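What follows is a set of notes on a single structure, which appears directly below.
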Amino acid sequence: MDAATPVVELKQITKRFPGIVANDSISLKLHKGEIHALLGENGAGKSTLMNIVFGLYQPDEGGIEVNGEPVMIDSPNKAIELGIGMVHQHFKLVQPFTVTENIVLGMEPKKMGVHLDYKTSVAKIKKLSDQYGLKVNPNAKIQDISVGMQQRVEILKTLYRGADILIFDEPTAVLTPQEISELMGIMKRLVEEGKSIILITHKLKEIMQISDTVTIIRRGKVIDTLKTAETNPNELAEKMVGRSVSFKVDKKPATPKETVLEVRNLTLKNKDGIAVLNGLNLNVRAGEILGIAGVDGNGQSELIEALTGLSHVDNGIIELKGKDITNKNPRHITESGVSHIPEDRHKHGLVLDFSMSENMVLETYYQSPYNKGGFLNKSAIDKQASRLIEHFDVRTPSIETKARSLSGGNQQKAIIAREIDKNPDLLIAAQPTRGLDVGAIEFVQKQLVAQRDQGKAVLLISFELDEIINVSDRIAVIYEGQIVGEVLPEQTNDQELGLMMAGSKIAGGTA
Amino acid sequence: MSKVFKIFSLNSLLVPLVAIVLGLIVGAIIMLIGGYNPLLAYSSLFSTVFGNVYDFGEAVREITPLIMTGLAVAFAFRAGLFNIGAEGQYIMGMTAASAVGIKLTGLPIVVHALVAIIAGGLAGGIWAGITGYLKAKRGVNEVIISIMLNWTALYFSNYIVRSFLLQKGQQRSEEIKDTASISIGWLSTAFDNARMHWGTIIAILAAVFFFIYMWKSKQGYELRAVGHNGDAAKYAGMNVKKNIVKAMFISGVFAGLGGAFQVLGVFHYQAIFTGSPGIGFDGIAVALIGMNHPFGILLSASLFGVLTYGSAGMSFGAGVPPEIIRIVIGSIIFFIAAQGIVRWVLKPLYLKRKKEKVL
């Protein structure tokens, strides 16, 4: 084999789904020992392409060559046979099984036909783990190890099956910053040992950090293939979304008016009787964005649930425009003028098996004109859905498409469209940009600022410090169920916020 | 009406159809193993049902309660609930209709029948409502409660018949009053004395009602939202608990009506059961084969009824034990549940047109 022959070459791959061309004549070359990043927005066609390489889909046109030989990959088994392994975004592991049991699953080593021989596998896994610096304990149970470790088990699984080409699908989405840097180290080690990697991601930072080559896909087409060393994040972002993107949020100073939301002494105990909200106080005024900064698990979710009526508080008062809405039901609170972009869009935000059209009236279906004498007015619902989808540029084949088949970014856009269109006095946005790409993040943040400029009160809850600092007009830090301090974004920095989030009460600014 | 056609798209119709064919093939193989002639068996099965008007009418009679219990199971399923208690609700419907049909006197002809039907529906609805209430308020699994309520209904109804409605010296109730009958005399005559009744018409209307209520009405929208994603329904301000009770109630009304029709239109009395009649359990199978869609259930109940009724003819014509038909039905359900096998059979077709999955 010639050294210049790519280990994998995709030639003019085209894949169509009803109503959409997911991959439009995509060509790509992966060389030995290279980390090749595949960059694109949610729904650009990255996952479809990799599912083709891994044998889950068949291309409608085009072909694949592995080590210069044309191949037909018609199943994941075939892909594995060819040395292609995939580390999925959502792990496919059996929780109560050990690392070894998970890795050998489907190809269990047998002695005398029936007896399972784990010993040799354990040794083999240990050797692989050491070779690539994975530090995995082969005898640990999956349920007892961290998410980062579970991902390494997925990596080991592909290596154990003899993969030379590894596909990582959004590998950092579920990891902590610490785990991300460890993963970067592992990936470098893998290529040093002669493996080749395709990295699917929409995070520019990671691409700049680790990849050698980057191919940008937009709406199913290859826009460009660049050497990472010869490009920069701005260029990549621009190519990815098709226009220039600003990482800074453009906004005028806020002009806050009357108080819209007033929360006093809010206390909420969880099932075990522990106070997860512990005498929390805050207020949000019309025309301002209050950002809640904090480490995950300090009462953010419970605060949102209390504000939106999803759970009952034990003590304290929530007032909306002077009216008590404490412990009212969600519909009452919605009708009082609260919109809520939920933190988990699959759990709360959408009925995934409903059509987009049905989802767009999830909270208003019972009102005129959508409800006519107890019957759904389909034409009014469809009209509303089409209007929102067009206005907020939700990319869906049609309004009859199930919410499940849309990409995360488009699902989020749909929810935001629905919530903003209700014209609320208070907009609660919980992690509104989680899992979104830069183009969609920019869109969401602009919408929040636009709502503020229209005189709405906006409550933003986010774990992303950059987002809190860039978008908020005022920042409140939550720690163990209390607001421990308030700062102004222009007078603070990561370090100060970080300290406050860790519980030290030195509130700067205008606490 | 575009939705009707969408649900009955080639694809969704293909799986049950292929499953039915595979089920019949499995039945044939078992007959061959047993030394019977499957072709003769199936032909005598179908010639029994379609051979003369009496048997055809009786097959329709067989189909009617299956439609109702099938609708009952499917309705709950659409709201995310597994109503395994259609059996008990069906029995309660029978019992209430019997009681009203026998004990209430002096009502004019149509009114008495209507009151008895409504009583049967309500009894089934309330019986299922108990399950819904316990599920909503106490979080008890609906499968467990409704199984227990099936037995409760069986013995409760036997107690009612034995203590209040008994025909002296017999293991059954008195006859219902003629005013409560829903038999259609002229149609029965036309069908050579097969037991034809208005319940069949109501069953078809019930399927239409199911469709309109579930997909066209505001309440149906809520039920489906709760069924697909209770958390999102709660977020959207729907009363999830109320919807659970409502879904179970309506589901039970379907089953209860099925029981009422059987008493008022077919038997005109109620026997003391020695075992569960099984129509409610068959409803689970009917709902499965009908893909939980009301119009699918009309078809699957027909299939189920034809196979069941025709199996008697099969034993006459080909000497095949009628139980073989339960194997066929079981296999059909198996193939519908294990759709992968069906899709594998269809694979040559699928390679040409791939379905939308992930964008």
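In what follows, chains carry the letters A, B, and so on, assigned in the order in which the sequence lines appear, proteins first and then strands, with residues in each chain numbered from 1. Keep in mind the model is a prediction, meaning the values are calculated, not measured. Values reported hereafter were calculated over all heavy atoms of this structure, with side chains retained and with hydrogens, waters and symmetry mates removed.
Ring orientation note: the planes of B:Y235 and A:H348 are tilted relative to one another, at an angle of 30° to 60°.
B:K218 places none of its side-chain heavy atoms less than 4.5 Å from the side chain of A:K372.
Proximity to chain B (any heavy atom under 4.5 Å) is shown, for A:I333, by neither the backbone nor the side chain. Heavy-atom distances place the side chain of A:E419, and not its backbone, under 4.5 Å from chain B. In this structure, no portion of A:H332 lies under 4.5 Å from any heavy atom of chain B. A:R345 does not touch chain B: none of its heavy atoms, backbone or side chain, sits under 4.5 Å away. Only the side chain of A:N371 has a heavy atom closer than 4.5 Å to any heavy atom of chain B.
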Review point. Do B:W215 and A:K378 pass the side-chain contact (heavy atoms from CB on, under 4.5 Å) test, and can you show the C-alpha distance, the side-chain angles, and the key distance before you say yes or no?
Key: CA-CA 10 Å; B:W215 282 285; A:K378 180 122 172 57; over 6 Å; no

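By the 6.0 Å contact criterion, NZ on A:K328 is enclosed, its count of non-hydrogen atoms from other residues, nucleotides or ligands being greater than 12. Taking a 6.0 Å sphere around CZ of A:R218, one finds it holds more than 12 heavy atoms contributed by other residues, nucleotides or ligands.
In this structure, NE2 in B:H228 is found 6.5 Å from NZ in A:K402, a value given to the nearest 0.5 Å. Considering CG of A:D353 and CZ of B:R224, their distance stands at 11.0 Å, rounded to 0.5 Å. Rounded to the nearest 0.5 angstrom, B:Y213 OH and A:F375 CZ are separated by 10.0 Å. Atom CG of A:L376 is separated from atom CD1 of B:I212 by 12.5 Å, given to the nearest 0.5 angstrom.
Side-chain atoms of B:E222 and A:Y366 form no donor-acceptor pair, as typed in the model, at a separation below 3.5 Å.
At least one donor-acceptor pair closer than 3.5 Å links the side chain of B:N229 to the backbone N or O of A:H346. A distance-only check finds a donor-acceptor pair linking the side chain of B:K234 to the backbone of A:L310 [under 3.5 Å].
When the candidates A:T334, A:N377, A:V361, A:T308 are compared by the number of heavy-atom contacts under 4.5 Å with chain B, A:V361 comes out ahead.
Considering every non-hydrogen atom in both A:V351 and B:A232, the closest pair reads CG2-CB, 4.0 Å. Across all their heavy atoms, A:P330 and B:G237 have their closest contact at CB-CA, 4.0 Å.
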